Amino acid sequence: MEWVMKQNNLIKGIPASPGIAIGKAFLYKENKLEIDEKSNLSKEEEIERLVKGREIAKKQLEEIKENTLKKLGKDKADIFEGHITLLEDEELFSEIDSKISQKKCTAEFALNEAIDEYATMLANLEDTYFKERAGDLRDIGKRWLYGVMNEQIVDLSKLEPETIIVAKELNPSDTAQINLDNVLAFVTEIGGKTAHSSIMARSLELPAVVGVGAVLDELEDNQILIVDALKGEVIVSPDVETLQIYKEKREKFLKEKEELKALKDKEAISKDGIKVDVWGNIGSPNDVKGIISNGGFGVGLYRTEFLFMEKDSFPTEDEQFEAYKIVAEELKGYPVTIRTMDIGGDKSLPYMELPKEENPFLGWRAIRVCLDREEILRTQFKALLRASKYGKIKIMLPMIMDIVEVRKAKAIFEECKKELQEKGIEFDKNIMLGIMVETPAVAFRAKYFAKECDFFSIGTNDLTQYTLAVDRGNEKIANLYDTYNPSVLQAIKMLIDGAHDGGIKISMCGEFAGDENAIAILFGMGLDAFSMSGISIPRVKRIIMKLEKKECQNLVERVLSLSTASEIKEEIKKFMEKI
Ligand code: PEP
Ligand code: MG
């Protein structure tokens with residue numbers, strides 16, 4: 001890292017939550033606790049210390065849970081309910097207990113060792129979900145350890161004004177304690193965009209740059225930092241000129257944010273009067289707030305697998321019904337597109353045995369799992385049907401590649417409807433059943449699929465990987481993963497044309513729909529609706545308002561006659577500069 005610090009005082013990382021902040025560094029370093037192995041106490045006395053430490057940790061977690069509930073809602077507060085459950089895990093306790101007996105060691109030594117072993121085991125698993133749970137385990141372990149040793153843990157709710165927190169890693173409980181009146185941003189050495197703390201930063205609209213590498217030993221408390229969380233950069237001790245530049249950038253960002261807010265209630269209508277829908281993507285009912293506040297008139301993708309991933313066992317029909325009902329009601333009649341469970345690939349469930357596969361993205365995933373384990377799909381369909389009474393729910397099946405899959409799912413769907421009808425349970429009789437279009441197999445025969453579905457939604461994240469045969473999660477070939485590749489754009493065009501030929505509407509809910517440079521070509525191709533993360537909605541609306549259909553159709557024609565992704569990007573860049 002040292003060379004980076006000397007060169008322009010610039011630190012590079014990953015932008016995890018957008019914004020620009022200028023403030024003083026607070027280096028959040030852990031007090032180095034001296035952990036003695038040898039105990040002078042009896043086993044019973046050590047266990048007593050262990051129990052007392054656990055009580056202290058639990059009390060702190062209860063407080064954090066309450067604060068989170070007030071600030072961020074039930075969803076985020078549930079993270080700490082999970083921490084408390086983990087803290088009270090009997091297996092973990094007896095593991096520590098037996099270490100104390102066998103090694104005749106202190107409670108802190110046994111605790112530290114046990115947490116380290118478990119967390120390392122989790123961190124070494126392939127699955128991102130479990131990897132990130134290792135962080136949660138260390139978080140509760142630390143709290144417990146401080147409790148046992150009667151040490152004070154740093155209180156992040158009581159920092160000086162205009163602080164920028166720099167930490168090795170921020171745990172969800174750290175993030176929840178942050179007081180937004182005093183803290184302007186955070187920077188972490190490790191962590192990625194999908195870590196819980198990054199997700200929380202986005203909900204709090206707190207700028208964050210993560211994964212900057214080892215910087216804590218290079219920085220000092222109170223040093224002035226500029227956090228450019230648009231680019232993912234941190235500038236240390238900037239000179240007066242740089243400071244001025246970033247103050248202006250920050251003003252511009254905040255002004256733009258305000259201006260964009262003015263678009264909140266406006267529809268996305270092009271210069272020549274064509275209206276398209278702009279919707280949001282959500283992972284839980286709690287994300288609806290962010291979609292509405294950013295001016296999204298609907299949900300184009302609710303990834304329900306997160307509801308399944310948060311639990312210790314399959315969510316019941318009633319539990320699912322509650323979640324879907326909340327979303328349907330909050331959207332007040334605007335469409336809510338709910339995708340059936342898309343597990344497999346890079347997503348697994350702690351309570352479901354998934355086979356170890358050579359090619360999980362080509363394996364037992366999404367609709368394939370649900371058609372083999374029909375009861376999962378049936379429960380979900382019934383919960384969705386019951387919730388459809390409370391709003392405008394549309395149901396969507398992931399990773400379809402064969403019409404037979406659509407027919408099988410539809411047959412199950414009809415049986416579920418019949419069952420509810422016989423029981424006198426009300427549901428929306430006109431509820432639509434559509435599919436995610438994510439495979440080239442559907443693109444080649446789009447019109448035929450369209451005839452058997454109520455709508456299409458393009459999942460470009462997967463469509464790109466399946467069209468180009470490039471694993472979307474493999475860093476080694478990340479340079480090959482490019483939705484601007486002409487073959488992917490051609491597939492998108494085929495899907496849009498095929499949907500319209502078959503008489504149905506088509507939306508897009510992959511990341512490409514929120515890519516500012518992609519909007520003009522998608523509009524030109526005739527896409528009916530765009531669905532994206534909340535923060536992208538205002539910008540996309542603003543672009544659509546500047547477009548004209550004919551110009552965009554011409555752009556599509558030019559783009560599809562080009563041979564490479566870089567030529568295409570160049571052509572789009574010229575177009576965007578003009579508008
Ligand atoms: C997609 O594949 O584009 C998509 C939206 O689904 P996911 O990213 O959840 O696979
Ligand atoms: Mg997908």
Side-chain angles (χ1 to χ4, degrees), residues 1-28 159-167 170 178-189 191 193 198 201-202 204-263 294 514-517 533 535-540 542-543 546 569-570 572-579:
M1 204 64 233
E2 208 186 342
W3 64 273
V4 179
M5 300 291 294
K6 281 181 188 147
Q7 220 188 36
N8 306 329
N9 293 336
L10 183 71
I11 300 169
K12 285 184 184 268
I14 302 163
S17 175
I20 291 183
I22 302 169
K24 287 172 291 179
F26 167 75
L27 306 187
Y28 180 34
L159 298 178
E160 295 281 307
E162 311 213 320
T163 293
I164 291 172
I165 300 175
V166 184
L170 279 183
I178 289 176
N179 180 348
L180 290 177
D181 292 334
N182 300 350
V183 176
L184 302 177
F186 71 72
V187 177
T188 60
E189 291 185 336
K193 267 190 180 166
S198 298
R202 289 196 287 276
L204 294 164
E205 299 194 14
L206 182 69
V209 174
V210 300
V212 295
V215 295
L216 275 169
D217 291 339
E218 309 282 336
L219 297 175
E220 286 165 25
D221 274 318
N222 294 320
Q223 233 167 357
I224 300 291
L225 300 182
I226 296 173
V227 177
D228 180 347
L230 300 173
K231 276 203 196 152
E233 291 178 353
V234 181
I235 300 166
V236 186
S237 304
D239 53 34
V240 181
E241 214 175 301
T242 312
L243 208 52
Q244 192 51 34
I245 293 171
Y246 274 88
K247 277 185 183 162
E248 283 164 23
K249 272 195 182 179
R250 185 183 56 189
E251 286 314 307
K252 194 167 159 240
F253 173 80
L254 294 174
K255 193 162 159 254
E256 199 186 13
K257 208 170 156 188
E258 279 309 304
E259 279 169 12
L260 288 168
K261 266 195 193 149
L263 297 180
N294 279 298
D515 180 335
E516 291 175 37
N517 291 318
S533 66
I535 36 178
S536 304
I537 290 175
R539 280 166 209 281
V540 168
R542 189 172 57 177
I543 292 174
K546 290 182 182 170
K569 285 179 202 166
E570 200 46 49
I572 295 176
K573 196 170 155 219
K574 276 194 270 166
F575 180 88
M576 292 304 283
E577 275 162 5
K578 265 201 285 167
I579 67 153

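Because the structure is predicted, anything quoted here is derived from the model rather than measured.
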Only counting residues at least two apart or in another chain, list the ones meeting side chain to side chain contact (heavy atoms under 4.5 Å, CB included) with [X].
{"X": "A229", "result": "P207, V209, V227"}
{"X": "D515", "result": "Y484, F512, N517, A518"}
{"X": "E256", "result": "L260, R539, R542"}
{"X": "K261", "result": "E258"}

Show which side-chain atoms of residues 240-254 pair as donor or acceptor with protein atoms under 3.5 Å away, not counting sequence neighbours.
residue	atom	partner	partner atom	Å
T242	OG1	D239	OD1	2.5
Q244	NE2	E248	OE2	3.3

| From CA spacing to verdict: side-chain contact (heavy atoms from CB on, under 4.5 Å), L170, Y28 | CA-CA 9 Å; L170 279 183; Y28 180 34; 3.7 Å; yes

Tell me, please, which residues at least two apart from [X] pass side chain to side chain donor-acceptor pair (under 3.5 Å).
{"X": "E516", "value": "none"}
{"X": "K546", "value": "none"}
{"X": "K257", "value": "E205"}

Taking salt bridge (Lys or Arg N to Asp or Glu O under 4.0 Å) as the definition, give me every residue that meets it alongside [X], ordered by chain and number, with sequence neighbours left out.
{"X": "D181", "answer": "none"}
{"X": "K231", "answer": "none"}
{"X": "E189", "answer": "none"}
{"X": "E570", "answer": "none"}

Give, for atom [atom1] of [X] and atom [atom2] of [Y], the distance between the pair rounded to the nearest 0.5 Å.
{"X": "L184", "Y": "T163", "atom1": "CG", "atom2": "OG1", "value": "7.0 Å"}
{"X": "I164", "Y": "L225", "atom1": "CD1", "atom2": "CG", "value": "5.0 Å"}
{"X": "L27", "Y": "L219", "atom1": "CG", "atom2": "CG", "value": "6.0 Å"}

For the backbone of [Y] and the side chain of [X], can you confirm whether one donor and one acceptor N or O come within less than 3.5 Å of each other?
{"X": "N9", "Y": "I235", "result": "no"}
{"X": "E218", "Y": "V215", "result": "no"}
{"X": "D228", "Y": "E233", "result": "no"}
{"X": "S17", "Y": "L206", "result": "yes"}

Within the structure provided, determine whether [X] and [Y] are in side-chain contact (heavy-atom separation under 4.5 Å).
{"X": "F26", "Y": "D221", "result": "yes"}
{"X": "L230", "Y": "P15", "result": "no"}
{"X": "V187", "Y": "V210", "result": "no"}
{"X": "T188", "Y": "V212", "result": "no"}

Here the pair of heavy atoms bringing I178 nearest to V183 is CG2-CB, 3.5 Å

Step-by-step salt bridge (Lys or Arg N to Asp or Glu O under 4.0 Å) determination, K24 to E162: CA-CA 6 Å; K24 287 172 291 179; E162 311 213 320; 5.9 Å; no

